Amino acid sequence: MLELSSGRSDMVVTGGIDTFNDIFMYTCFSKTPALSPSGHARPYDAETDGTTLGEGLGVVVLKRLEDAERDGDNIYAVIKGLGASSDGRGSAIYEPNAEGQAKSLLRAYQQGGVTPDTIELIEGHGTGTRVGDAVEVSALHQVFGSGTKPWCALGSIKSQIGHTKAAAGVAGLIKASLALHHKILPPTIKVKLPQENLMAADSPFYVNTEPRPWISKAEHPRRAGVSALGFGGSNFHCLLEEYQSEKSSVDWDGEVQIIPFSAASDSELIGKLKDFSVTGDWTQLRLDAGHQRSQYRSSDPKRLILVIDKNQADRTGQLKKAVSMLEKNQGQHFWETPDGIYYAGGEFDGINAFLFPGQGAQYPGMLKDLALQFPEFLATLEDADQAFASSADVPPGTLTEKIYPRAQFNPEDKKEVVTELQATEVAQPALGAVSLAAGRVLARFGVTAEAVAGHSYGELTALCAAEVFTTESLYQLSRLRGELMAAGEGDRGSMVAVSAPLDQVESFLQEEKLDLVLANRNTPEQAVLSGATVEIEKAIKLLNQRGINNKQLDVSAAFHSQLIAAAARPFSEQLDNVVFKDSRKQVYSNTTGSAYPESAAEIRDLLAEQLAAPVDFVSEIESMYASGVRTFIEVGPGGRLTGMVKAILGDRLYQAIALDSSNGKRSGSNDLARMLAKLAVLGNAVSLSLWDENFATTQNASEKKKKGISVSICGANFYKRPDKRPPLALKKDQPLKDAVMTSGNAVATAVKGSSQQQAAAPVATANLQEALRLSQQSMQALQALQEQTAKLHQQFLEGQQSATRSFMQLIGQQRELLQGAQVPSAVAFATPPVAFSPEPLHVADPQPEVRIASSPEPIVETADKAAETAAVEPILLNIVAEKTGYPVDMLELEMALDSDLGIDSIKRVEILSPCRNNSPPPRPFARKILGLCRL
């Protein structure tokens, strides 16, 4: 940072690396309570039990923003501030301090000129230790304060890769930078229940346990803070800001591949399948799949497409299945398999139609993978969220939080999330935003439709897709329609779904004289009744008596009945303020079961009636089929409409495809790939080349990936390995040489071999025994030399200890003189015997007696106590030096073992035990005095 700001450097390459996870590192960490016994780092979890060690290497390139823009670099994030602080003196080097950490955050935010309420992501230090995480969260609360609701996601990459020590800081920096670049709030895994201080009602933080789209705010850009906290209280915090607010490209992870094949005949198609390999490296498969997509021709008579997932267990089996199905189903026009194989031959007549689902299809997290991946989906969500916030007078981000809620950790909160999204005033705007966004994703790949329709509320989305009115009008009408349908007092009514033929349901209503309306004709075998709650409960009882299957729906009102007719008038009045245009596509109506009129005025009038009128979906689909629609594409969450189309059309020639066919059980990329694959084999001009685009340009397709690591050779590390020399064969008559070691002197003696007539085996055995004997002699001589060296070293250490003891006794004498005590005129020092002759130790002449003026206060320390202290002091200091490695001359009695020397409780026990064994018996003392002692 200083290099760039001062202008001394134009580019800085920096980062962190740590690959030192050997036995010594684990031994060091095992002396602290930091390592997790369970082997899992769970930052910010209530049951966290420590961290795990990891290894890593991270490198980033830093440049001044104007230089990076000038050079056309990829800019992932902008550093706005960097704060550093120290905890100061503490009780231990590994004990954090909240006040010190808070200083680093405040300094970073002051440097960046921002306030904490504009920061929506904190990539914390989060090691997973209970004390460390709690102190860090406390520091964050000091800086961020409290709030009416959480707004800042908190997480740590250590939950995924462990604590990489020296590389931990740059790992968090890279994670936060990528989050800003891709507009994604990243997850922290392994959190089952957050710590108590994160669950408080006024906490500004929440633990993000799954990826969520990061919606921009008009008030400020996206910002993130990154913390790195080290041993000894060194605290650093980096403030990052997004470079641009729009998501610029699709986030391809490459885990789902579309692999198409086209040919003139089935036999040629089989040959191409057999020549294709799926057993190699996944990177190579991505390259091969991209090549297949570029070669695919939808105009070829025979077409087959595979959808392969990276996590799929048996890719080879899927390829073999495609070959066997081709051989088995010769002459069939179309077939597909549940594991993602699609085949079609010839041309398909008919046109495409989009179907948009209505209320009831919504669920939390719907189409989330597409929202995370595609720029047009995210942009549509942001527009809808801003419109919802303006019309409902709520903070920005409210709608998207209902669609993609924060993680909940108890059953009650999870149920509440579902209930909030079911509210009519929320469900309809949410469905409109998600369905419209999904349609724009399909448009990216060239998927179009000549006709559109929707079920109930979905009809508004269909009219918007046909460009009858703008997306802004759709958002306004969606919110208004939902509010009007949810408004009112008293009994708003209820609904019940009945599984029976439509004529039987109509007869049931007439026979029982129920004041209900057949609100939905969904399929020839399924209807929905709507009306007052009392009448619905009566109908349920009568249906059960007749043995007719039914289910009461969880709705807020009796939709498409006279109970909500009052909402039709204000809705119609609002439609007068909306600009309608002539339709660009054929739009079909729920009310009439046929196509909408072409003029804008007639469209407005018919839409005003739709709110309270029954839904005749059966007639609608029949009309679409009669007009030439043969491919029905459900655009939005779930696949209910696709199932209804199949129930209506039966065995007739058509295709019904749902974008969310797995209802969220598979990845969004997998469901999208299956839809595109099916549409492509049916002959639609789908731009398959846009799938996983630009991956091939970043790879060298001409070279296979090398196994292992490659090291570039240069003059600094070049080494030419010499040729291997063949082993020499031992000849029977070859002379042998022995090396004889005698007391440290090596003597080489040539020994002639025995006669050629002597057998080879006895000679080899004798030579081996002699070699072993000489080796043993050499080892014994070496051992004796080492023992002699060790004894000399021990004697040297004892001499040093004696000298230190003498010095300490002199210090004690001086203290006694200052206190007025009598000291012997000479001191004798015991010196252990040594093999060498040390220089005589000169003792200073005794100092003359010093008289000290008497004090009115009595002197507490007596000569006996001073002598006792002088006797214990060298023992204590030597033991501390021995157990900790600190030199004796560094130690003082006033030092504290924890704060000054950083010695933990385990090491203190190791020190006190030998002190007790080697010291004089302690004097009796009261137990309460023990609590006042300081180590």
Side-chain angles (χ1 to χ4, degrees), residues 350-359 361 367 376-377 380 384 428 431-475 477-478 481 522 575 578 580-600 602-604 606-607 609-610 615-642 644-645 648-649 654-660 675 679 682 684 686:
I351 61 176
N352 297 340
F354 286 159
L355 300 178
F356 296 96
Q359 189 169 348
L367 302 183
E376 50 267 63
F377 202 116
T380 304
Q428 295 187 9
L431 278 170
V434 170
S435 298
L436 195 62
R440 291 175 175 176
V441 171
L442 293 179
R444 167 183 282 270
F445 296 97
V447 178
T448 59
E450 292 79 10
V452 292
H455 187 282
S456 187
Y457 162 78
E459 197 162 297
L460 265 71
T461 314
L463 289 167
C464 182
E467 300 182 31
V468 173
F469 46 72
T470 63
T471 56
E472 290 76 12
S473 298
L474 172 65
Y475 301 145
L477 292 174
S478 298
R481 188 178 189 271
N522 290 333
L575 290 178
V578 176
F580 279 74
K581 300 178 181 179
D582 295 342
S583 175
R584 293 178 176 270
K585 301 177 187 293
Q586 190 69 59
V587 185
Y588 287 81
S589 168
N590 288 164
T591 305
T592 64
S594 57
Y596 261 86
E598 293 184 359
S599 70
E602 292 177 304
I603 292 175
R604 179 186 287 107
L606 184 55
L607 180 59
E609 301 175 7
Q610 190 254 8
V615 174
D616 192 356
F617 193 68
V618 174
S619 299
E620 186 176 23
I621 295 301
E622 291 286 2
S623 297
M624 296 175 74
Y625 188 82
S627 65
V629 175
R630 292 296 179 269
T631 303
F632 297 86
I633 304 170
E634 184 172 359
V635 183
R640 295 184 180 184
L641 301 187
T642 300
M644 292 180 186
V645 170
I648 294 169
L649 299 180
Y654 69 95
Q655 294 293 335
I657 312 169
L659 174 61
D660 189 21
M675 169 176 273
L679 290 172
L682 292 174
N684 291 276
V686 180

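As the structure is a prediction and not an experimental result, all values here were calculated from the model. Every heavy atom of this structure was used, including side-chain atoms; hydrogens, water molecules and symmetry mates were not. Counting from 1, the numbers follow the sequence of the chain as shown.
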Selection residues 617-633 - residue pairs positive for salt bridge (charged side-chain N to carboxylate O under 4.0 Å, His left out), sequence neighbours left out
Glu622-Arg652
Yes or no on side-chain contact (heavy atoms from CB on, under 4.5 Å) for Cys464 and Thr470, after CA distance, side-chain angles and deciding distance?
CA-CA 6 Å; Cys464 182; Thr470 63; over 6 Å; no
Taking all heavy atoms of Ser478 and all of Tyr457, pick out the closest pair and write down the distance.
OG-OH, 2.6 Å
So, do Ile621 and Leu649 sit near enough that their side-chain heavy atoms are less than 4.5 Å apart?
yes
Answer whether the closest heavy-atom distance between the side chains of Val645 and Leu355 falls below 4.5 Å.
yes
Please confirm whether the backbone N or O of Gln428 pairs with a side-chain atom of Gln359, one donor and one acceptor, at under 3.5 Å?
no
Show, in sequence, the C-alpha distance, side-chain angles and deciding distance for Leu606 and Thr592, and conclude whether the side-chain contact (heavy atoms from CB on, under 4.5 Å) test is met.
CA-CA 9 Å; Leu606 184 55; Thr592 64; 4.0 Å; yes
Would a 4.5 Å heavy-atom cut-off, applied to side chains only, mark Leu607 and Val468 as touching?
no
Taking salt bridge (charged side-chain N to carboxylate O under 4.0 Å, His left out) as the test, write out the residues that go with Glu467, two or more places apart.
Arg584
Could I get the full list of ring pair (Phe, Tyr, Trp, His ring centres under 6.0 Å) partners for Phe617, not counting sequence neighbours?
His455
Glu472, CD: over 12 other non-hydrogen atoms inside 6.0 angstrom:
yes
Check whether Glu459 reaches the backbone of Ser589 with its side chain - one donor and one acceptor, N or O, closer than 3.5 Å.
no
If every non-hydrogen atom of Tyr596 is compared with every non-hydrogen atom of Ile603, which pair is closest and at what distance?
CE2-O, 3.8 Å
Calculate, to the nearest 0.5 Å, the distance between atoms CG and OG1 belonging to Leu442 and Thr448 respectively.
10.0 Å
Any chance you could lay out the salt bridge (charged side-chain N to carboxylate O under 4.0 Å, His left out) test for Lys585 and Glu450, step after step, and finish with the verdict?
CA-CA 6 Å; Lys585 301 177 187 293; Glu450 292 79 10; over 6 Å; no
Just by modelled atom types, is the Val447 backbone N or O under 3.5 Å from a matching donor or acceptor in the Asn684 side chain?
no
Decide yes or no for Gln586 and Val452: does some side-chain heavy atom of the first lie under 4.5 Å from some side-chain heavy atom of the second?
no
Tightest non-hydrogen contact, residues Thr461 and Gly432, listed as OG1-CA, 3.9 Å
side-chain hydrogen bond (donor to acceptor under 3.5 Å, both in side chains) partners for Asp660, two or more places apart:
Tyr363
Has the side chain of Ser435 got a donor or acceptor atom that lies under 3.5 Å from a matching backbone atom of Leu431?
yes
Sorted by chain and residue number, the side-chain hydrogen bond (donor to acceptor under 3.5 Å, both in side chains) partners of Thr591 (sequence neighbours excluded) come out as none
Begin from the C-alpha positions of Phe469 and Leu477 and carry the test side-chain contact (heavy atoms from CB on, under 4.5 Å) through to its verdict.
CA-CA 10 Å; Phe469 46 72; Leu477 292 174; 4.3 Å; yes
Check whether any side-chain N or O of Ser627 sits under 3.5 Å from a backbone N or O of Met624 as a donor-acceptor pair, and report yes or no.
yes
Search all heavy atoms of Pro637 against all heavy atoms of Leu367 and return the closest pair with its distance.
N-CD1, 4.2 Å
How far apart are the closest heavy atoms of Glu634 and Pro357, and which atoms are they?
OE2-CB, 4.2 Å
Compare all side-chain heavy atoms of Ile657 with those of Phe632 and state whether any distance is below 4.5 angstrom.
no
Heavy-atom donor-acceptor pair, Arg440 side chain to Phe377 backbone, under 3.5 Å
no
For residues Asp582 and Glu598, determine if any side-chain heavy atom of one lies less than 4.5 Å from a side-chain heavy atom of the other.
no
Set of side-chain contact (heavy atoms from CB on, under 4.5 Å) partners for Ser619, sequence neighbours left out:
Asp616
Determine whether Tyr654 and Thr631 make a side-chain contact, defined as any pair of heavy atoms from C-beta on separated by less than 4.5 Å.
no
Do you know the tightest heavy-atom contact between Leu679 and Val686?
CB-CG2, 4.0 Å
What's the separation between atom CD in Gln610 and atom CG in Leu463, rounded to the nearest 0.5 Å?
8.5 Å
Would you say the side-chain atoms of Ser623 pair up with the backbone N or O of Gly593, donor to acceptor, closer than 3.5 Å?
yes
Could you check if a side-chain atom of Tyr475 sits within less than 4.5 angstrom of a side-chain atom of Leu436, using non-hydrogen atoms only?
yes
